[in-house]
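Worksheet: the structure to be examined is printed underneath.
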Amino acid sequence: MFKRDSKDLKRSAFTLKNIALNGLLITFLFCINKLGALGNIICLSCLAVMAVRSVSGALKAMAILGLVVMGNPFIVEKTFVLTLFRFPVFGLAGGRILFEMLNYRPDILRAWHLNSLLLFGSVCVILAPINGYFTQISILKAVMFTFGAYSILVGTELNRSKTSDLTVFFTSLAIFIVVGSYVTFPLGISHLIGLAKFGVAHAQAGLAGITAQQQALGAFLSMLAIFCFSMAVFSKLPRRWIFVVVFLAILPLMLKTLSRTSVGTMVGAILMVICLAPFFLRGQKAMFNRFKPLPWLVGGTALSIGLILFDLMTGGNLAKAAMDFALKGAGNQFITVEAGDFAASRTALVERSWMLFLEHPLTGINFGTSYDPSFSQNATLLTAPTEKGFIPTAVLEEVGLIGAGFFLLFLCSMFVKLYRDENILGIAVFGGFLIQNLGEMMFFSFGGAGLFSWSIVGAGIAVGYRHQFIRRRN
């Protein structure tokens with residue numbers, strides 16, 4: 001047992017060698033899917049082995065699986081093998097975590113934030129046959145979300161007392177996504193809209209990088225940016241400059257995605273964590289870096305003044321560029337700009353969700369479903385995506401006031417849990433994930449981009465606990 005613990009400590013030590021080795025593993029598991037069905041089999045088999053070996057392996061397998069599922073189609077050949085067998089691998093990873101909990105940490109079953117999640121999931125399942133709209137798909141989605149989120153959150157609890165540290169792996173994962181997305185430029189597969197059909201990407205297509213959609217890349221980058229920023233500011237790790245470099249490298253990519261949600265998420269989450277940090281780091285000042293608000297206030301003010309002066313000196317070019325980005329590259333099409341123009345792409349979705357909520361105020365239409373013709377005509381048990389742009393109205397639309405009440409209970413219990421534990425890294429990624437879902441709804445999407453985003457949430461929470469554990473142990 002001692003040898004295994006020492007081996008885990010050595011492998012998870014935050015060194016450049018371990019970061020490189022984890023990066024090679026991630027690169028292999030992602031790129032092997034280029035071989036089609038054979039590559040899918042090799043990838044899923046390796047992920048299955050990772051998942052059954054340990055709790056940390058299961059969390060890592062979930063993250064890689066979420067990235068592969070949303071991978072660039074010119075790199076990841078998504079055959080029937082990946083479409084069908086991703087679910088058993090997902091179930092195996094979650095099952096491994098729950099097995100560990102039931103055998104070694106049954107006390108976790110009493111955790112209120114986990115029980116509130118189970119309550120919300122149970123309500124969604126109960127409402128499905130009552131509403132009777134795509135009942136099987138609704139139940140499957142509710143079970144997948146509850147199982148996935150529960151497993152990841154349990155994994156963060158279990159990892160508090162493990163010798164394995166997730167910091168190195170998720171740092172390597174962030175570097176892989178950033179470097180991989182830059183590599184797609186010379187390969188000619190960076191922008192995907194129109195590329196497969198016409199051989200040339202659409203003029204207003206945003207950067208998709210190593211993912212299948214520009215929205216997915218934007219969401220992933222914003223979550224990773226929050227993770228890297230928090231690690232750079234609050235952790236006491238050596239070589240924290242790595243997080244600064246990755247964070248700075250993310251910024252140009254994020255702008256290239258043309259995703260306003262991703263930029264808004266990053267800015268909003270950083271402002272949130274700066275404001276909350278003095279209240280969260282009450283007793284953990286020996287375990288995290290001391291946070292001094294004044295330098296951040298002075299630095300932010302100086303940066304704002306500098307940007308304003310630069311804009312004035314360049315004849316408003318900076319403001320024009322910002323306006324063009326906010327209007328998704330269509331700034332030159334507007335003579336006058338109104339507030340509604342910035343949210344034009346989401347307004348219709350929000351209004352439709354609100355109207356459906358008013359028609360079904362108590363129970364909603366059903367969890368994970370939509371009245372959109374593209375959903376009703378194409379939804380299957382294997383794939384049934386929906387497009388919802390704003391999580392408050394989306395929840396009201398799908399599960400009504402009854403489900404929304406239990407969902408709000410879950411969110412409150414999560415924030416209370418993280419506040420009591422003084423987990424500033426956890427609050428950064430979880431809060432950022434909620435902000436992201438105000439513009440790009442993927443909170444419940446464990447069959448798509450939500451799995452990877454939840455993995456980053458789990459990593460942030462687990463790493464936050466891990467740093468506390470190391471300090472107390474020493």
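The list of side chain to side chain donor-acceptor pair (under 3.5 Å) pairs with a residue in residues 373-383, not counting sequence neighbours, reads D372-S374. Applying the side chain to side chain donor-acceptor pair (under 3.5 Å) test to every pair with at least one member in residues 122-139, sequence neighbours left out, gives these pairs: N131-T363, N131-N366.
Rounded to the nearest 0.5 angstrom, F170 CZ and L59 CG are separated by 6.5 Å. Atoms CG and CZ, on L255 and R260 in that order, are 13.5 Å from each other to the nearest 0.5 Å. Interatomic distance, CD1 of I42 versus CG of L47, reported as 12.0 Å (0.5 Å rounding). Distance CZ/F120 to CG/L411: 8.5 Å, rounded to 0.5 Å.
A search for side-chain contact (heavy atoms from CB on, under 4.5 Å) contacts involving K78 returns V76, L82, A212, not counting sequence neighbours. Remark: K141 pairs with no residue by the salt bridge (charged side-chain N to carboxylate O under 4.0 Å, His left out) rule, at least two apart or across chains.
For F433 and F452, the distance between ring centers is not under 6.0 angstrom. For F444 and F407, the ring centers sit closer than 6.0 Å to each other. A ring-centre distance under 6.0 Å is found for F147 and F90.
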Show which side-chain atoms of residues 216-234 pair as donor or acceptor with protein atoms under 3.5 Å away, not counting sequence neighbours.
| residue | atom | partner | partner atom | Å |
| --- | --- | --- | --- | --- |
| S222 | OG | G218 | O | 3.3 |
| S222 | OG | A219 | O | 2.8 |
| S222 | OG | Q436 | OE1 | 2.8 |
| S230 | OG | I226 | O | 2.9 |

For residues 266-278, run the donor-acceptor check on the side chains, cut-off 3.5 Å, and write out each pair with its distance to 0.1 Å, sequence neighbours left out.
none

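Looking at S353 and E397, their side chains do bring a donor and an acceptor atom within 3.5 Å of each other.
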